[in-house]
There are 2 protein chains.
Amino acid sequence: MKFSTRAGYGLRAMVNLAKNHPRRKNLQEISKEEGMSLKYLEQLFRILKKNNLVVSRKGRVGGYVLAKNPKFIRAGEIIEIMDGPIAPMECAGGRCDMKCSCASSVVWIKLRQQIKKTLYGIKLSELI
Amino acid sequence: MKFSTRAGYGLRAMVNLAKNHPRRKNLQEISKEEGMSLKYLEQLFRILKKNNLVVSRKGRVGGYVLAKNPKFIRAGEIIEIMDGPIAPMECAGGRCDMKCSCASSVVWIKLRQQIKKTLYGIKLSELI
DNA sequence: AGAATACCTACTAAAATAGTAGGATTAATA
DNA sequence: TATTAATCCTACTATTTTAGTAGGTATTCT
Ligand code: FES
Ligand code: FES
C-alpha cells in the first residue's frame with residue numbers, strides 16, 4: 001500500500017505555501033527550498049489550481065497563494081486531489097467487479113472510512 | 001491510493017478457508033467458489049504458507065487449513081503479507097529520501113498508525 | 001523591448017501489477 | 001504398481017501506472 005509521491009510532493013508544496021500565507025510565492029523558490037524539479041512542480045500546481053486550492057498570478061511578479069486560509073484546508077483534500085479518490089479496494093467505492101461472498105468487503109469499507117477520517121482531521125494550519 | 005488486488009484475493013481466500021475451519025479444503029473448490037484462477041491461487045497460497053498462515057497437505061486428498069483459529073488471525077496480517085508492509089509514504093517507514101522541512105511527514109506517520117490499528121483490529125473470525 | 005513568471009501538450013523511461021504457462025513432486029487409491 | 005489429484009516451483013509476459021522530461025506559448029511587470 002502506497003500513496004503516490006505526487007501526493008507527497010503536493011502536500012509538501014502546500015505546507016510550504018501555507019508557511020508563507022497570505023503572501024504570494026513563485027515556483028522557483030519552492031523548487032529550490034524543497035529540492036523538487038521546477039517543471040514537475042508546474043504540473044502539480046496546475047492540478048491544485050484546477051481544484052481551487054491555490055490562486056495564481058502570471059507575469060513578472062507572478063506566483064501562487066493558497067485559495068483559503070490554512071485553517072480551512074484539510075490534508076485529505078490535497079491528497080485526494082493529487083492521488084485520486086481514497087478507495088483502498090474497488091469494494092469500498094460501492095461497485096465491485098469481484099463477485100464474491102464478500103464478507104471481506106467490510107474490511108475495505110471500514111478502512112476507507114478511517115483513512116478519510118484521519119486525513120480530513122488534519123488541517124494544513126497544523127502542519128506549519 | 002489502492003491496495004493490490006493480491007491483498008483482496010488473499011483476504012477473500014482466507015475468509016473462505018475460515019468458513020471451513022478446521023476442515024481441509026483444496027484450491028479447486030476455492031477457485032470455483034470465488035471465481036479466481038486456479039494457477040493464480042496456487043501462487044497466493046505459496047505466499048500464505050511461507051508466512052505460516054496456512055498449513056498444506058499434498059497429494060490425493062490434499063488441500064489447505066488455517067494454521068491457527070480464525071480468532072487469532074488479523075486482517076492486517078494477511079494484508080501486509082500479500083501487499084507488503086503498510087507504509088503510505090516513505091516517511092512513515094522511518095527513512096525518507098526526500099529531504100524536506102517535513103512538517104508533512106506527521107501526516108503519513110499518523111495515517112500509518114491508524115491504518116494498522118484498523119486492520120489489526122479486525123479478526124478473521126469476525127468476517128465469517 | 002526584455003525578462004520572469006505561469007500555462008499547456010505531448011512524450012518517454014522505468015517500475016509495479018496481474019496473471020499465464022509448463023512442468024515437478026507428493027500421496028492416496030484402485 | 002499405475003493412476004490420479006492435489007500441492008509446489010520457476011520463469012515469463014503483457015498491461016498499466018508512475019514519475020518525470022522536453023519544448024514551447026501566454027501574460028505581466030519593469
Ligand atoms: S465486493 Fe469487493 S471483493 Fe467482494
Ligand atoms: S520526510 Fe518524507 S517527505 Fe519529508
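Lettering follows sequence order; numbering is per chain, from 1.
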task: May I ask you to decide if E34(B)'s main-chain N or O and R12(B)'s side chain share a donor-acceptor pair within less than 3.5 Å?
output: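 Indeed, once roles are kept as given, a pair shorter than 3.5 Å links the two residues.
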
Item to complete: Assess whether one donor atom and one acceptor atom, taken from the side chain of Q43(B) and the base of dT20(C), lie less than 3.5 Å apart.
Response: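 Looking at the base of dT20(C), it does pair with a donor or acceptor on the side chain of Q43(B) (distance under 3.5 Å).
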
Nearest-angstrom distance from the residue atom [atom1] of [X] to [atom2] of [N]:
{"X": "I30(A)", "N": "dT5(C)", "atom1": "CD1", "atom2": "P", "answer": "12 Å"}
{"X": "E90(A)", "N": "dT16(D)", "atom1": "CD", "atom2": "P", "answer": "14 Å"}
{"X": "M1(A)", "N": "dT17(C)", "atom1": "CE", "atom2": "C1'", "answer": "17 Å"}
{"X": "L48(A)", "N": "dC8(C)", "atom1": "CG", "atom2": "P", "answer": "14 Å"}
{"X": "Y40(B)", "N": "dG22(C)", "atom1": "OH", "atom2": "C1'", "answer": "19 Å"}
{"X": "K50(A)", "N": "dA6(C)", "atom1": "NZ", "atom2": "P", "answer": "18 Å"}
{"X": "I47(B)", "N": "dA18(C)", "atom1": "CD1", "atom2": "P", "answer": "11 Å"}
{"X": "L41(B)", "N": "dT20(C)", "atom1": "CG", "atom2": "P", "answer": "11 Å"}

Q.
Taking 4.0 Å as the cut-off, does a side-chain nitrogen or oxygen of Y9(B) come that near to OP1 or OP2 on dG19(C)?
A.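 Yes.
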
Under a 4.0 Å heavy-atom criterion, the protein footprint on nucleotides 1-9 of chain D, written with B, S and -, is ---BBSBBB

Q. Picking from dA19(D), dT9(C), dA18(C), which would you name as closest to the side chain of S4(B)?
A.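 Looking only at side-chain atoms, S4(B) lies closest to dA18(C).
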
Aromatic ring pairing Y9(B)/Y40(B), orientation class (parallel under 30°, perpendicular over 60°, tilted between):
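Y9(B) and Y40(B): perpendicular rings.
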
For K58(B), side-chain hydrogen bond (donor to acceptor under 3.5 Å, both in side chains) partners two or more places apart =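 Not a single residue meets the side-chain hydrogen bond (donor to acceptor under 3.5 Å, both in side chains) criterion with K58(B).
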
Side-chain donor-acceptor contact under 3.5 Å, [X] with [Y]:
{"X": "K25(B)", "Y": "N16(B)", "value": "yes"}
{"X": "E80(A)", "Y": "Y120(A)", "value": "yes"}
{"X": "K71(B)", "Y": "S125(B)", "value": "no"}

Measure the spacing between CZ of R112(B) and CD1 of I115(B) and express it to the nearest 0.5 Å.
->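 Going from CZ on R112(B) over to CD1 on I115(B), the span is 10.0 Å.
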
